[in-house]
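This report concerns only the one structure given below.
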Amino acid sequence: MKTETERIQKLIKNSWDGFMWHGNNLKEALNGVNAEIAFRKPAAGAHNIYELVMHLYCWRNFVYQHLAGNADYKVEINSAVDWPTQYEKTEASWNEALQLLEKNQSDLTEAFAKITEAQLDESMHGRKFTWYDFAHGIVEHDIYHSAQIAILKK
């Protein structure tokens, strides 16, 4: 029988590039997106795929930093780090965003492999939620934005 930490690790892997019962995983949603598609604004005030990818990276990196022990790492919601507004609309910057996300997946996978069953119920650095909540939250966040990306790339 699998442990809860093993189940969480599988969820994190699957939401990135494995089987998802609801449809595409994040990597499949991004498949075929080039810079032209990534930077296309669907409507005034709406986020494009590039901004969604950087937002995903922002919060995935937040999770990673805390798993790595950096309890002081903070992100201000709706800041330029959370939702970038100033960036180059080039193939190079798009590829860099994808590479950041790919590297972060590797980092998250390694970090979650080290978490213990007992840690899952512990408060995450004195916050109101546990490491268990944190793990499921990042998967749910990925799924939510994967669906947005799938719609925007059409």
Side-chain angles (χ1 to χ4, degrees), residues 1-20 22 24-31 33 35 38-39 45-150 152:
M1 180 156 43
K2 290 190 182 240
T3 65
E4 189 60 25
T5 55
E6 290 170 329
R7 285 190 203 86
I8 288 169
Q9 289 167 32
K10 184 177 178 184
L11 282 173
I12 290 166
K13 186 220 177 297
N14 285 352
S15 72
W16 173 251
D17 68 355
F19 174 75
M20 297 299 288
H22 58 77
N24 290 342
N25 58 49
L26 183 53
K27 219 168 170 184
E28 288 169 336
L30 290 167
N31 187 34
V33 176
F39 295 112
H47 296 292
N48 61 29
I49 293 173
Y50 174 84
E51 292 165 0
L52 287 166
V53 165
M54 295 307 294
H55 171 77
L56 282 163
Y57 170 73
C58 168
W59 291 106
R60 290 166 127 261
N61 188 48
F62 179 85
V63 172
Y64 171 71
Q65 291 297 324
H66 283 269
L67 284 167
N70 188 355
D72 295 327
Y73 188 84
K74 292 179 175 55
V75 174
E76 186 178 328
I77 293 175
N78 293 321
S79 67
V81 174
D82 184 12
W83 291 107
T85 56
Q86 303 295 314
Y87 48 83
E88 291 184 31
K89 297 176 183 177
T90 64
E91 196 73 42
S93 61
W94 172 237
N95 288 330
E96 182 180 334
L98 292 174
Q99 289 169 2
L100 281 171
L101 208 55
E102 185 90 37
K103 169 77 168 85
N104 177 261
Q105 177 64 22
S106 175
D107 292 342
L108 278 176
T109 301
E110 288 177 28
F112 273 112
K114 296 175 185 172
I115 204 162
T116 66
E117 294 290 310
Q119 284 175 292
L120 289 176
D121 290 325
E122 292 176 8
S123 171
M124 200 253 352
H125 295 143
R127 295 180 187 260
K128 293 181 181 179
F129 49 90
T130 65
W131 290 100
Y132 178 87
D133 300 327
F134 212 32
H136 283 276
I138 198 63
V139 170
E140 293 161 4
H141 189 247
D142 281 358
I143 292 168
Y144 175 78
H145 290 302
S146 292
Q148 290 179 314
I149 290 167
L152 289 173

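None of the values given here were measured: they were computed from a predicted structure.
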Without placing hydrogens or testing angles, list every side-chain donor-acceptor pair under 3.5 Å for residues 67-76, not counting sequence neighbours.
{"residue": "Asn70", "atom": "OD1", "partner": "Tyr73", "partner atom": "N", "Å": "3.4"}
{"residue": "Asn70", "atom": "ND2", "partner": "Gln65", "partner atom": "OE1", "Å": "3.2"}
{"residue": "Tyr73", "atom": "OH", "partner": "Asn61", "partner atom": "ND2", "Å": "3.0"}

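- Within 6.0 Å of the CZ atom in Phe129, the count of heavy atoms belonging to other residues, nucleotides or ligands exceeds 12.
- Here the side chains of Ile12 and Val139 are in contact, with some heavy-atom distance below 4.5 Å.
- The two atoms that bring Ala29 and Ser146 nearest to each other are CB-O, 3.7 Å, heavy atoms only.
- Taking CG of Leu100 as the start and CG of Leu56 as the end, the distance is 12.0 Å to the nearest 0.5 Å.
- For the atom pair CD1 (Ile115) and CD (Glu122), the distance works out to 8.0 Å, reported to the nearest 0.5 Å.
- When all heavy atoms of Ile49 and Trp94 are compared, the closest pair comes out as CG2-CH2, 3.7 Å.
- From His141, atom NE2 reaches atom NE2 of His145 across 3.0 Å, with rounding to the nearest 0.5 Å.
- Atom CZ of Phe62 sits about 9.5 Å away from atom CD1 of Ile138, to the nearest 0.5 Å.
- Contact of the Glu102 side chain with the Trp16 side chain is registered, since non-hydrogen atoms from C-beta on lie closer than 4.5 Å.
- The two residues Ser93 and Phe39 have their closest heavy-atom pair at OG-CZ, 3.5 Å.
- Counting only heavy atoms from C-beta outward, the side chains of Met20 and Asn24 never approach each other to under 4.5 Å.
- Between the CD atom of Glu117 and the OG1 atom of Thr3 there is a distance of 4.5 Å, given to the nearest 0.5 Å.
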* **Worked verdict on Val53 versus Val33 for side-chain contact (heavy atoms from CB on, under 4.5 Å)** => CA-CA 11 Å; Val53 165; Val33 176; over 6 Å; no

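- In this structure, the ring of His125 has its center less than 6.0 angstrom from the ring center of His66.
- Of the residues Lys10, Lys2, Glu4, the one that meets the side-chain contact (heavy atoms from CB on, under 4.5 Å) test with Glu6 is Lys2.
- Here the options are His55, Glu51, Met54, the test is side-chain contact (heavy atoms from CB on, under 4.5 Å), and the partner is Asp82; only His55 passes.
- Here the side chains of Lys13 and Asp17 are in contact, with some heavy-atom distance below 4.5 Å.
- The CG atom of Asn25 lies 8.0 Å from the CG atom of Asn14; values are rounded to the nearest 0.5 Å.
- When all heavy atoms of Tyr50 and Pro84 are compared, the pair lying nearest together is CE2-CG, 4.5 Å.
- Side-chain contact between Leu101 and Leu26: present, with at least one pair of heavy atoms (C-beta onward) separated by less than 4.5 Å.
- Ionic pairing of Asp142 and Arg60 is present here: one or more N-O contacts between side-chain nitrogen and carboxylate oxygen are shorter than 4.0 angstrom.
- Under the 3.5 Å distance criterion, the side-chain polar atoms of Asn95 are left unmatched by any main-chain donor or acceptor of Ala92.
- Contact annotation: the side chain of Ile8 approaches that of Leu120 to within less than 4.5 Å [non-hydrogen atoms, C-beta and beyond].
- Classified by interplanar angle (parallel below 30°, tilted 30° to 60°, perpendicular above 60°), the ring pair Phe134/Trp131 is perpendicular.
- Annotation: side chain of Trp83 is in contact with side chain of Asn78 (closest heavy-atom distance under 4.5 Å).
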